[in-house]
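Below: the structure, in structure tokens.
For the single chain, residues carry numbers from 1 onward in sequence order. Computed from a prediction, not measured in an experiment: that's the story for all the values here. Just so you know, ligand 1 is whichever comes first in the structure, and atom 1 is the first atom listed for that ligand.
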Amino acid sequence: MQILSGQQLRALDEMTVHEEGITSLELMERAVTAFTGSFCKQFRPSSGPILIVCGTGNNGGDGFATARQLHRAGYNTHVVAAEFGKRSPDNQANFNAAKRLDFPFTLLRAGNPFPKPAPGVILIDALLGTGLSRPLEGYWAELIERWNETEDITRVALDVPSGLPADGPATGAVFMADHTFVLGYPKVAIFAPENAVYVGEMSLVKFKLSSVRTVLHVGPEGDIRPNQMLTEGYVATLVKKRGNSDHKGTFGHALLVAGSFGKMGAAVIAARAVLRAGAGLVTCHVPRSGYEIMQISFPEAMCTVDAHWYQTTGVGDLSQYATIGIGPGLGTEQLTAAALRDVLTRYAKPLVIDADALNLIAQSPSLFALIPKGSILTPHPKEFERLFGKTADSFARWRVQGEAAKRNELVILLKTNHTTIATPTGKIYVNTTGNPGMGTAGTGDALTGILTGLLAQGYEPATAATLGVYLHGLAGDLAAEALSQEFLLAEDVVNHVGAAYQELARVRN
Ligand SMILES: NC(=O)C1=CN([C@@H]2O[C@H](COP(=O)(O)OP(=O)(O)OC[C@H]3O[C@@H](n4cnc5c(N)ncnc54)[C@H](OP(=O)(O)O)[C@@H]3O)[C@@H](O)[C@H]2O)[C@H](O)CC1
Ligand SMILES: [K+]
């Protein structure tokens, strides 16, 4: 699903109004009906009294219309109308309509005592939405800060949390929502890791709008930021169907170069993930001391053994492998750097480069130019910084990620709570699966294994990366559902890849 900028969203609203011959007020009612539909599924009239704080723009207009609809649906509703500017026409219309109804309606001006929500209140923030044009300041910023500190209430943002710019970094006070209901299309700011604290749990509220294709040209040329949100429906279409006559040769033979003394677990986890993702065969190149560990821990894997006891110093013939995954637990010794240089020099097909292999490349930048086109790099933020330098915020980092993927014809992942996947064509996908329980040793190695397993099966690199990242997160979500986030091990993630594939198959059929 397309991620749109504030400017594109405004253009889409105008296009919808124009094409359908409806008024903007009717479109607002449509958006609000979709919102209250979602809201009422999660919060019942018995969940608590509702306090809706409405600003003077269309976000506030949504708030007044929400109050009207929830009041009619039997919710105990109270409205606070903030008066910080001139009302937009649709805001005024819904303000008037709400005022005529018999629920408490308070006008709030800067300097008034701050309204204090009672314990148990569900506070709906409709102060500001995508029309934020400057940081929130003074009384209104303080009001938001107070509410952020109020305990025993549930904070719900109607569209983006107030104070959060749709397309750039936040600089002033921002409403900290427990739950954000995003209207229409996702906005990029909700995926920035530093904004997770403001967005909370996210729901996308869908309603009928004109085709997004009509507004994709709107906005500055060369704007580099995540532009696609991965959805289950889309990812499900990426999975290849298997034929009855297919066999392990069809599904590819992967080489995994991983592990060193004290870090053989990384190699074992990654090897398992290669086969669990569906590759036909995996060979692991391991140091001598890792040979028995691998053979006993994972008998399905074959091994080639390095001349060195503790680290990888040279890998043999590479010609038989459909792909290579290199990096997990490899260590950063000089002899290993030489082995990496040798592999990158001799191997021409896309491979997966992770962890210590990325650190070695960061240490010797001449290695970067040797990476075969189409390869998948999987840095986490620290590794990303070592490779590409420091950036001020997620927005700057996404730009660097997208430019590097395009310039070098690589697929570059950035592993965060919303992993982004930048492809050489300029598309940057945002992942929507995964949970904090996956912040545990070895889950990155599992991802490398999954990606290697998908490349081995002949998936194009960008497809392997989007499918692999989604599948990995979904497996983690299913594992957490079955076992709890606290209990989760990387092994549990790998063991739920099967259930994740089954879920994708269910969605597709
Ligand atoms: N398709 C959809 O998704 C629809 C979404 N809708 C809702 O519309 C809002 C966006 O509405 P808009 O009127 O453009 O903007 P806001 O309501 O966010 O606020 C604009 C007003 O607020 C003033 N403003 C901006 N920043 C500040 C600030 N820091 N402090 C005080 N006041 C501020 C702004 O003033 P200007 O001086 O900049 O003009 C405006 O007066 C979207 O989020 C959805 O909720 C529609 O309902 C239709 C469909
Ligand atoms: K809001």
Aromatic ring pairing F39/F35, orientation class (parallel under 30°, perpendicular over 60°, tilted between): tilted
Shortest protein contact, atom 17 (O) of ligand 1 (heavy atom only): N59 N, 2.8 Å
Side-chain (D445) to main-chain (P328) donor-acceptor, under 3.5 angstrom: no
Donor-acceptor under 3.5 Å (D492 side chain, L488 main chain): no
Contact check, D13 vs ligand 1, heavy-atom distance below 4.0 Å: yes
Shortest protein contact, atom 44 (C) of ligand 1 (heavy atom only): D62 OD2, 3.2 Å
N112 side-chain N/O to R109 backbone N/O, donor-acceptor pair under 3.5 Å: yes
L128, portion touching ligand 1 at heavy-atom distance under 4.0 Å: both
T56 side chain to N91 side chain, donor-acceptor N/O pair below 3.5 angstrom: no
For atom 8 (O) of ligand 1, closest protein heavy-atom neighbour: N58 CB, 3.3 Å
F64 and F105 aromatic ring geometry - parallel, tilted or perpendicular at 30°/60° bounds: parallel
Parallel, tilted or perpendicular, as decided by the 30° and 60° cut-offs, for the rings of F388 and F368: perpendicular
Ring centroid separation F175 to W147 under 6.0 Å: no
For the student: nearest non-hydrogen atoms of R10 and G131, plus distance: NH1-CA, 4.5 Å
Nearest-option assignment for atom 32 (N) of ligand 1, heavy atoms, candidates R134, K187, E137: R134
Aromatic ring proximity F43/Y75, centre distance under 6.0 Å: no
Angle subtended at the K ion (ligand 2) by D125 O and N59 OD1, rounded to 10 degrees: 90°
Shortest protein contact, atom 26 (N) of ligand 1 (heavy atom only): S133 N, 3.0 Å
Presence of N, O or S from V160 under 3.4 Å of the K ion (ligand 2): yes
Ligand 1 versus F84: contacting region, heavy-atom distance under 4.0 Å: side chain
Contact (N/O only, under 3.5 Å) between G131 and ligand 1: yes
A126 backbone or side-chain N/O/S under 3.4 Å from the K ion (ligand 2): no
Which segment of L183 sits under 4.0 Å of ligand 1 when only heavy atoms are counted: both
Atom indices of ligand 1, in the order listed, that fall short of 4.0 Å to a heavy atom of G129: 16 (P), 18 (O), 43 (O)
Atoms in ligand 1 with a heavy atom of D159 nearer than 4.0 Å: 42 (C), 43 (O), 44 (C), 45 (O)
Sub-4.0 Å heavy-atom contact, F207 with ligand 1: yes
Heavy-atom closest contact (I376 atom, P461 atom, distance): CD1-O, 3.6 Å
Residue and atom name of the nearest protein heavy atom (relative to atom 21 (C) of ligand 1), distance in Å to one decimal: G57 CA, 4.1 Å
Within-cut-off N or O pair, R10 and ligand 1, under 3.5 Å: no
Atom 41 (O) of ligand 1: the protein heavy-atom neighbour that sits closest, reported with distance to 0.1 Å: T56 OG1, 4.3 Å
Check: K86 N/O within less than 3.5 Å of ligand 1 N/O: no
G85 near ligand 1 by a heavy-atom separation under 4.0 Å: no
N, O or S of D159 under 3.4 Å from the K ion (ligand 2): no
Test item: protein heavy atom less than 4.0 Å from atom 39 (O) of ligand 1: no
Any donor-acceptor N or O pair under 3.5 Å, side chains D167, S5: no
Those atoms of ligand 1 less than 4.0 Å from some heavy atom in M28: 47 (O)
Per-residue contact class, P135 against ligand 1 - non-hydrogen pairs under 4.0 Å: backbone
Exercise: identify the closest heavy-atom pair between A482 and H496: CB-NE2, 4.0 Å
Proximity of T130 to ligand 1 by residue part, where a heavy atom lies under 4.0 Å: both
Any donor-acceptor pair under 3.5 Å from S162 side chain to L128 backbone: yes
Modelled atom types, side-chain donor and acceptor of D354 and T378, under 3.5 Å: yes
N, O or S of F175 under 3.4 Å from the K ion (ligand 2): no
Residue pair D90 / S24, side-chain donor-acceptor N/O under 3.5 Å: yes
